[in-house]
Protein chains: 2
Amino acid sequence: MPNPRSTTRATRSTGAVTLQRVAEHAGVSIATASRVLHGGTRTVGEELRRKVEDAARDLGYVSNAPAQALARSSTSVVGLVVHDIADPYFAAIAAGAMRAAKRHRLMVMIAATFGDPELEIEYVRSLRAQRARAVLLAGSGVADPDLTARLAAELDAFRADGGRVSCIGERGVEPYVPLDHTGGAERAATELWQLGHRRIGVVAGPEGLVTVQRRLAGIRAAWSRLGGELPDRRVVFADFTRSGGREAALGLFAAEPGVTAVLALNDVMAAGVLAAVQDDLGRRVPEEVSVVGFDDVPFAVDLRPSLTTVRLPLEEAGERAVQLIADGASPARQAPLGVALVVRGSTGPVAG
Amino acid sequence: MPNPRSTTRATRSTGAVTLQRVAEHAGVSIATASRVLHGGTRTVGEELRRKVEDAARDLGYVSNAPAQALARSSTSVVGLVVHDIADPYFAAIAAGAMRAAKRHRLMVMIAATFGDPELEIEYVRSLRAQRARAVLLAGSGVADPDLTARLAAELDAFRADGGRVSCIGERGVEPYVPLDHTGGAERAATELWQLGHRRIGVVAGPEGLVTVQRRLAGIRAAWSRLGGELPDRRVVFADFTRSGGREAALGLFAAEPGVTAVLALNDVMAAGVLAAVQDDLGRRVPEEVSVVGFDDVPFAVDLRPSLTTVRLPLEEAGERAVQLIADGASPARQAPLGVALVVRGSTGPVAG
DNA sequence: CTGTTAGCGCATTCAA
DNA sequence: TTGAATGCGCTAACAG
């Protein structure tokens with residue numbers, strides 16, 4: 001018998017090294033092998049333990065995650081749902097999440113919805129099928145009752161199957177990592193007011209996103225508190241992209257040439273605004289027009305001029321989101337992550 | 001009976017809706033249910049098919065991926081191994097990969113090594129445990145024989161288990177998406193030469209990365225072909241980060257004040273170089289110093305001044321990488337993705 | 001076209 | 001402490 005293999009079919013030639021084989025090789029039962037290789041509790045004798053470990057190493061054993069998942073009905077993967085991983089906002093969150101995931105020995109599966117709420121629901125469902133241990137919703141939700149309800153239903157089903165859920169920013173899902181969009185926006189608006197600006201414009205992202213609504217609300221709140229006016233025609237909605245920002249800025253100035261400062265609702269859009277104002281419109285920043293961004297993504301400091309923006313601790317938010325779903329994290333109230341206005345070169349006093 | 005849940009423990013209250021239950025509910029065998037719900041082939045009668053579909057919908061059935069994976073020993077997840085997802089280079093690749101993955105109905109699991117080659121090996125092993133259908137290596141390899149061999153061994157094992165492998169850029173693994181680092185670098189260097197620069201400096205990434213070596217080789221090849229000189233002291237290695245670029249530039253100019261142009265081996269470093277040259281050293285770009293980057297990440301155009309750089313079709317590379325491992329993609333020779341020099345504002349003729 | 005049956009690899013009672 | 005046996009949910013022959 002030159003070949004120890006006995007069973008019939010193909011697939012399992014010498015290929016798959018299973019617990020079974022390790023057990024045989026070590027001369028123990030598969031239960032024992034399982035205990036030393038996977039079981040946390042040390043209830044195996046020193047000698048057998050060594051034998052099993054040696055066998056596993058010799059054979060190059062690698063556990064079969066799907067099999068384990070099936071047997072214990074739980075995996076070590078967490079799903080992260082973002083809009084677009086190429087967007088530095090989400091990339092930062094993902095980086096933080098992955099860092100924390102590593103600490104907790106979790107794998108991160110990323111799904112990009114490209115802004116499609118239907119896809120978000122579909123991905124949660126898919127993650128449920130994967131029996132992911134948790135799903136992290138990183139993107140902003142949309143203010144649509146139907147969509148929200150359907151997502152909630154899907155999340156409930158996910159939880160019913162034993163999964164955990166957490167999200168970045170408040171969106172009606174518990175637990176979540178609080179991000180003070182409103183407060184940050186208020187601060188940015190206030191800064192502009194203090195610089196003497198009275199006629200400001202807002203370059204906003206998609207109108208349906210609750211993040212956009214929150215930031216906008218913060219600006220409006222601060223502005224009216226200060227006694228300013230912000231007519232709707234000075235608020236332009238567009239995609240959360242560079243070109244979205246550029247086009248929105250162009251539209252804004254076409255309609256309201258007197259605007260002295262513009263608040264972009266994220267840094268990527270701000271980059272587009274800067275390009276529009278300086279290159280297309282030929283106005284100087286900040287001498288003629290001030291620009292403020294939101295998020296403080298890494299490249300904000302390198303824009304021309306460097307961008308004044310509201311800093312959001314994105315990486316930390318990502319980390320916290322996985323902490324929330326890792327171990328028995330208490331669903332205790334989270335201290336909101338600090339937002340801060342980072343004043344750089346794109347803002348200045350209103351032209352006298 | 002206000003509460004339909006009955007069974008004892010926790011987890012499996014009304015929770016787990018299995019194929020089994022769907023089959024019962026529909027009055028068919030579980031095999032039939034499986035066929036209509038998962039089997040691609042249409043070998044089920046119209047009536048039963050409908051019954052099963054209705055039952056599945058009514059019960060809210062979601063297939064159990066781990067169970068499927070175990071039974072058919074294959075999953076629909078592909079692993080993507082990157083250095084750092086927050087780096088726009090990898091974010092772009094990931095975005096492309098995810099787009100293609102969606103088309104092929106694959107899920108993408110991302111692992112970040114943060115530049116640690118050991119972690120890369122560990123992740124491949126972990127992906128093997130997950131029985132991932134494929135792993136995509138997006139990061140550059142290091143020029144270390146031991147590491148390379150161990151990674152190769154792990155990849156072979158992965159393949160032996162039926163997994164597919166592909167990577168971005170040549171690194172001794174087949175198949176791969178060719179990226180002409182060398183050619184791009186040659187083009188950038190040539191451009192500088194033509195602008196009259198003779199004393200150039202290179203701000204390079206980690207010396208061990210083969211990508212760095214390739215780009216550097218391209219520069220050296222072009223330069224010596226043109227008749228220029230590039231002494232080692234004008235080549236500085238640092239991290240592939242903004243601060244790495246900034247510090248490297250500072251060091252470079254401290255040692256070689258006469259340099260008239262610097263080639264940064266990626267755009268993120270170039271941002272740091274720009275900051276160092278203009279803000280720290282107070283020299284004008286491009287009047288006094290020209291700067292060239294590499295990759296053409298999204299923010300390159302927004303730098304101050306806009307960055308001349310070598311464009312690499314990163315998203316497309318990501319897409320191609322998953323195409324390579326999807327369906328029965330022929331391991332045919334790939335036409336190298338086109339690289340192009342994008343001339344913008346950071347380069348100009350040498351000061352006369 | 002449909003049902004029966006035998007695993008897939010592992011965790012986990014339950015005995016020993 | 002260790003082993004034997006059972007089942008996780010599903011797929012894939014194989015038979016009818």
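Basis for what follows: all heavy atoms, side chains included, without hydrogens, waters or symmetry-related copies. Below, chains carry the letters A, B, ... as their sequence lines are ordered, and counting in each starts from 1. Being a predicted model, the structure only gives us computed values, none of them experimental.
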Check: Is any side-chain nitrogen or oxygen of T32(B) closer than 4.0 Å to OP1 or OP2 of dG3(C)?
Finding: yes
Check: Can you check the E24(B) CD to dG9(D) P distance for me, whole Å?
Finding: 12 Å
Notebook entry, point to check: Side chain of E118(B), backbone of E120(B): donor and acceptor closer than 3.5 Å?
Noted result: no
Check: Can you check the R21(A) CZ to dC8(C) C1' distance for me, whole Å?
Finding: 15 Å
Next item on the list: May I ask you to verify if any side-chain N or O of Q68(A) is less than 4.0 angstrom from the OP1 or OP2 atom of dC10(C)?
Entry: no
Next item on the list: May I ask you to evaluate whether S34(B) reaches the phosphate of dC10(D), defined as a side-chain N or O under 4.0 Å from OP1 or OP2?
Entry: no
Next item on the list: Could you state the atom-to-atom distance from CD1 of I30(A) to C1' of dG3(D) in whole Å?
Entry: 11 Å
Item checked: Nucleotide dG7(C), atom P - distance to CG of L19(B) in whole Å -> 20 Å
Item checked: Nearest listed nucleotide, side chain of A71(A), among dT12(C), dG7(D), dT2(D) -> dG7(D)
Item checked: Any Q20(A) side-chain N or O less than 4.0 Å from OP1/OP2 of dG9(C) -> no
Margin query: I'd like to know whether the aromatic ring centres of H83(A) and F90(A) sit less than 6.0 Å apart in this structure.
Written below: yes
Notebook entry, point to check: Between L59(A) (CG) and dG9(C) (P), how many Å, whole number?
Noted result: 14 Å
Notebook entry, point to check: Which value, rounded to the nearest 0.5 Å, describes the distance between R133(A) atom CZ and S76(A) atom OG?
Noted result: 6.0 Å
Next item on the list: Compare all side-chain heavy atoms of L209(A) with those of V142(A) and state whether any distance is below 4.5 angstrom.
Entry: yes
Checklist line | Integer-rounded Å distance: dA13(D) C1' and R35(B) CZ | finding: 10 Å
Check: The side chain of R72(A) lies closest to which of these nucleotides: dT12(C), dG9(D), dG3(D)?
Finding: dT12(C)
Check: Taking atom C1' of dC10(D) as reference, at what distance in whole Å does atom CZ of R131(A) sit?
Finding: 11 Å
Note to self: Return the CZ to OG distance between R131(A) and S73(A), rounded to the nearest 0.5 Å.
What the structure shows: 8.0 Å
Next item on the list: Scan L48(A) against the nucleic acid and name what it touches under 4.0 Å (heavy atoms): base, sugar-phosphate only, or nothing.
Entry: sugar-phosphate
Next item on the list: Mind calculating the distance between CD (E46(A)) and C1' (dT2(D)) to the nearest angstrom?
Entry: 15 Å
Next item on the list: Could you tell me whether the phosphate oxygens of dG9(D), OP1 or OP2, come under 4.0 Å of any side-chain nitrogen or oxygen in T18(B)?
Entry: no
Next item on the list: Quick one: label L70(A) by what it contacts on the DNA or RNA (base, sugar-phosphate, nothing), any heavy atom closer than 4.0 Å.
Entry: base
Note to self: Using heavy-atom distances to pick each residue's nearest nucleotide on DNA chain D, tell me which of G27(A) and Y61(B) is more 5'.
What the structure shows: G27(A)
